[in-house]
There are 2 protein chains.
Amino acid sequence: MSTQDPALFALLNEIGIIEQLARNRFERAQPDGLRLPHFAVLNHLVRLGDGKTPGQLARAFQLTKATMTNTLQRLEARGFIRLEPDAEDARAKRVFLTPEGRARREEAVAFTAADLSALAQRADIHADAMLAPLRALRTALDRDPRRG
Amino acid sequence: MSTQDPALFALLNEIGIIEQLARNRFERAQPDGLRLPHFAVLNHLVRLGDGKTPGQLARAFQLTKATMTNTLQRLEARGFIRLEPDAEDARAKRVFLTPEGRARREEAVAFTAADLSALAQRADIHADAMLAPLRALRTALDRDPRRG
DNA sequence: CTTCTTTAGTTCGATGTCTTACTATTTAGT
DNA sequence: ACTAAATAGTAAGACATCGAACTAAAGAAG
């Protein structure tokens, strides 16, 4: 885009391209077709604890419940999670990691950490400096309803 | 994600969320179902000139040719572009904007500029400062090519 | 307790994107 | 010139995502 763009416009443009490149880079590196959203859910369950409901996960990732249903069905089909009924609320389910799911997450984390570490060294990326401003932008987009 | 994440990992995570929020924000604001990739192509043709080939557009957006074929077919069906055979290369086509396509792009630009401008004012976004480092990150990720 | 509303999750159809495979045309190598 | 490799575009199949419509269950109002 040109220098005449409002800076925020150009920024979001750049962000879109980076997201696409990063997602492709991750997914092409997986030997078994693990998708980024699959990894994201596994990672979330390891870090923040499993036993969450699908709805909680959908809200955490800002995805619709329908999308999370799809992701969880695929993770379950791969044997990476179990879905159990919630004893206290018959409408709800609870998502639990299997040992295979934990192991697959560790594998993906290890690879990704190595890849990103190498990338950050080859190029002079100042990720620390960008993190705070991007979080501010995310927050702004997140709670600022659209006008009109 | 937690503070134990490598900064680049957390950064890409944040970027993924922002991309999703920004795309949804744009698309929900369109009255006619115009998608972000459609707008991106119209905008590109206005700014850099039409008469490009589908392959050139695919490379410009780092998408596969198949994806660009799909986008162009939808833009043509909406009457926003015309596809003409290339006189010098019988394999190729050339993409031209229609008056309707130009008008629709102007409409979307006006809305988006206003929306982003308002957003940038309400929140304290330093888009200028982030642009250069993000471009460096994009360039670093970009070394991986081989597309259709 | 009965009814209305809200919440949890699924299903369905549409769209964007990718990979793989294909056709047609151009270019390069010999 | 002939043939092989590269390039332009398309088609088919897979998957992620969304919105709308649906079912089931819990909560609120009376």
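Each chain gets a letter, A, B and so on, in the order the sequences are listed, and its residues count up from 1.
- The separation between A:E27 atom CD and D:dC15 atom P is 12 Å, rounded to whole Å.
- Atom C1' of nucleotide D:dC18 and atom CD of B:E19 are separated by 14 Å, given to the nearest angstrom.
- Rounded to a whole Å, the CD atom of B:E76 is 13 Å from the P atom of D:dG9.
- Side-chain contact between A:H38 and A:L42 is absent, with no heavy-atom pair separated by less than 4.5 Å.
- In this structure, CZ of B:R74 is placed 10 Å from P of C:dT17, rounded to the nearest angstrom.
- For the residue pair B:P133 and B:A129, the shortest heavy atom distance occurs at CD-O, 3.3 Å.
- Taking atom CD on A:Q30 and atom P on D:dA14, their separation rounds to 22 Å, with Å as the unit.
- The minimum heavy-atom distance between A:A7 and B:D128, with the atom names listed, is CB-OD1, 3.1 Å.
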Please produce a list of atom pairs where a protein N or O lies less than 3.5 Å from an N or O of nucleotides 6-13 of chain C.
| from | atom 1 | to | atom 2 | distance (Å) |
| --- | --- | --- | --- | --- |
| C:dT7 | O2 | A:R91 | NH1 | 2.8 |
| C:dA8 | N7 | A:K65 | NZ | 3.4 |
| C:dG9 | OP1 | A:K93 | N | 2.9 |
| C:dG9 | OP1 | A:K93 | O | 3.4 |
| C:dG9 | OP2 | A:G55 | N | 2.6 |
| C:dG9 | N7 | A:K65 | NZ | 2.4 |
| C:dT10 | OP1 | A:K93 | NZ | 2.7 |
| C:dT10 | OP2 | A:T69 | OG1 | 2.7 |
| C:dT11 | OP2 | A:Q73 | NE2 | 3.2 |

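- Neither OP1 nor OP2 of D:dA16 sits under 4.0 Å from any side-chain N or O of A:T67.
- Between A:H38 and D:dC15 there is no side-chain N or O to OP1 or OP2 distance below 4.0 Å.
- Between A:L75 atom CG and D:dC15 atom P the separation is 13 Å, expressed in whole Å.
- Side chain to side chain, B:N24 and A:Q62 fail the donor-acceptor criterion of an N or O pair below 3.5 Å.
- The side-chain contact (heavy atoms from CB on, under 4.5 Å) check on B:R94 picks up B:T53, B:Q56, B:D86, B:F96, with sequence neighbours excluded.
- For the residue pair B:R104/B:Q30, the side-chain donor-acceptor check at 3.5 Å is satisfied.
- Between B:F39 and B:F26, the ring planes are tilted. Angles from 30° to 60° get that label.
- In this structure, A:A90 and A:P37 both approach DNA chain D, and ranking their closest nucleotides by distance from the 5' end singles out A:P37.
- Taking 4.0 angstrom as the limit, B:T64 places none of its side-chain polar atoms (N or O) nearer than this to OP1 or OP2 of C:dT17.
- For B:R28 and D:dG19, the shortest distance from a side-chain N or O to OP1 or OP2 is below 4.0 Å.
- Atom CZ in B:R25 sits roughly 20 Å away from atom C1' in D:dT17 (whole-Å rounding).
- At the heavy-atom level, A:L36 lies nowhere under 4.0 Å from the strands shown.
- Whole-Å rounding puts the B:F61 CZ to C:dG16 P distance at 14 Å.
- Within the 4.0 angstrom heavy-atom criterion, only backbone atoms of the sugar-phosphate kind lie near B:N24; the bases stay farther away.
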